[in-house]
Amino acid sequence: MENNETKQLGVNISPDVAKGTYSNLAIISHSKNEFIVDFAAMLPGMPKAEVQSRIIMNPENAKRLFLALQDNIIKFENQFGTILLDEQKRQKGGTFNFEDFGPIGGNS
């Protein structure tokens, strides 16, 4: 007998977590066994980026996250248009870039 049922993962999320945390910067490092992603917020007038959250993942799950993000970015761009990166924005006359904030982790 074949099992054609799709398994669903149940996930609970507390109200505090559901609010989310803003991040406009991710710092990624890795060792042989882990990927570490620090999500930070770099805000105008602040001398340093403040890490808001740190996620530690094993390499397999990090790759699954990469593939899921890639899939979702493709779907997003198909629906809403191409996401322009800083170099592309500058070429099209955009005005915001992180270089305006100075070096990350540097002295003010």
Side-chain angles (χ1 to χ4, degrees):
M1 178 191 272
E2 289 185 33
N3 184 356
N4 291 329
E5 294 179 28
T6 302
K7 293 184 180 181
Q8 299 250 341
L9 175 66
V11 177
N12 290 327
I13 186 166
S14 72
D16 284 343
V17 173
K19 291 177 190 174
T21 301
Y22 180 75
S23 174
N24 58 7
L25 176 66
I27 302 161
I28 303 170
S29 56
H30 67 276
S31 69
K32 181 179 178 183
N33 298 311
E34 291 133 0
F35 277 77
I36 299 145
V37 186
D38 288 331
F39 292 97
M42 186 71 180
L43 301 173
M46 300 298 289
K48 294 182 180 180
E50 173 115 7
V51 174
Q52 305 295 319
S53 182
R54 172 174 278 184
I55 305 297
I56 303 168
M57 307 176 85
N58 66 42
E60 181 181 348
N61 286 337
K63 188 158 189 179
R64 289 181 191 280
L65 174 62
F66 164 75
L67 294 171
L69 281 170
Q70 184 179 45
D71 179 58
N72 276 269
I73 288 170
I74 290 167
K75 289 175 182 174
F76 178 95
E77 289 185 327
N78 286 338
Q79 185 174 358
F80 300 108
T82 301
I83 300 168
L84 298 177
L85 300 177
D86 284 341
E87 305 87 42
Q88 296 164 318
K89 287 179 185 175
R90 277 195 281 276
Q91 291 171 359
K92 294 193 176 223
T95 59
F96 180 84
N97 78 60
F98 286 109
E99 293 164 357
D100 296 338
F101 296 109
I104 295 173
N107 297 327
S108 52

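These numbers were taken from a predicted model, which means no experiment stands behind them.
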Identify, with sequence neighbours excluded, every residue that meets side chain to side chain contact (heavy atoms under 4.5 Å, CB included) alongside S29. I36
What residues form a ring pair (Phe, Tyr, Trp, His ring centres under 6.0 Å) with F39, not counting sequence neighbours? none
Strictly distance-based, threshold 3.5 Å: is any side-chain N or O of E77 a donor or acceptor partner for the main-chain N or O of I83? yes
Do T82 side-chain atoms and L84 backbone N/O form a donor-acceptor pair below 3.5 Å? no
Show every donor-acceptor pair shorter than 3.5 Å between a side-chain atom in residues 68-76 and any protein atom, with sequence neighbours excluded, or say none if there are none.
residue : atom : partner : partner atom : Å
D71     : OD2  : K75     : NZ           : 3.0
N72     : ND2  : A68     : O            : 2.9

Under 3.5 Å, is there a donor-acceptor pair between the side chain of S23 and the main chain of A40? yes
Quick one: NZ on K48 to CE on M42, what's the gap to the nearest 0.5 Å? 10.5 Å
For P59 versus N33, what's the shortest heavy-atom pair and its separation? CD-O, 3.1 Å
Pairs satisfying salt bridge (Lys or Arg N to Asp or Glu O under 4.0 Å), at least one member in residues 8-34, at least two apart: D16-K19
Residues which pass side chain to side chain contact (heavy atoms under 4.5 Å, CB included) with V11, listed by chain and number, not counting sequence neighbours: L9
Single-linkage hydrophobic cluster, 4.5 Å side-chain cutoff, I56 and I28 together: no
Closest approach of Y22 and Q52, non-hydrogen atoms and distance? O-CG, 3.7 Å
Could you work out, with side chain to side chain contact (heavy atoms under 4.5 Å, CB included) as the rule, every residue matching E60, not counting sequence neighbours? N58, R64
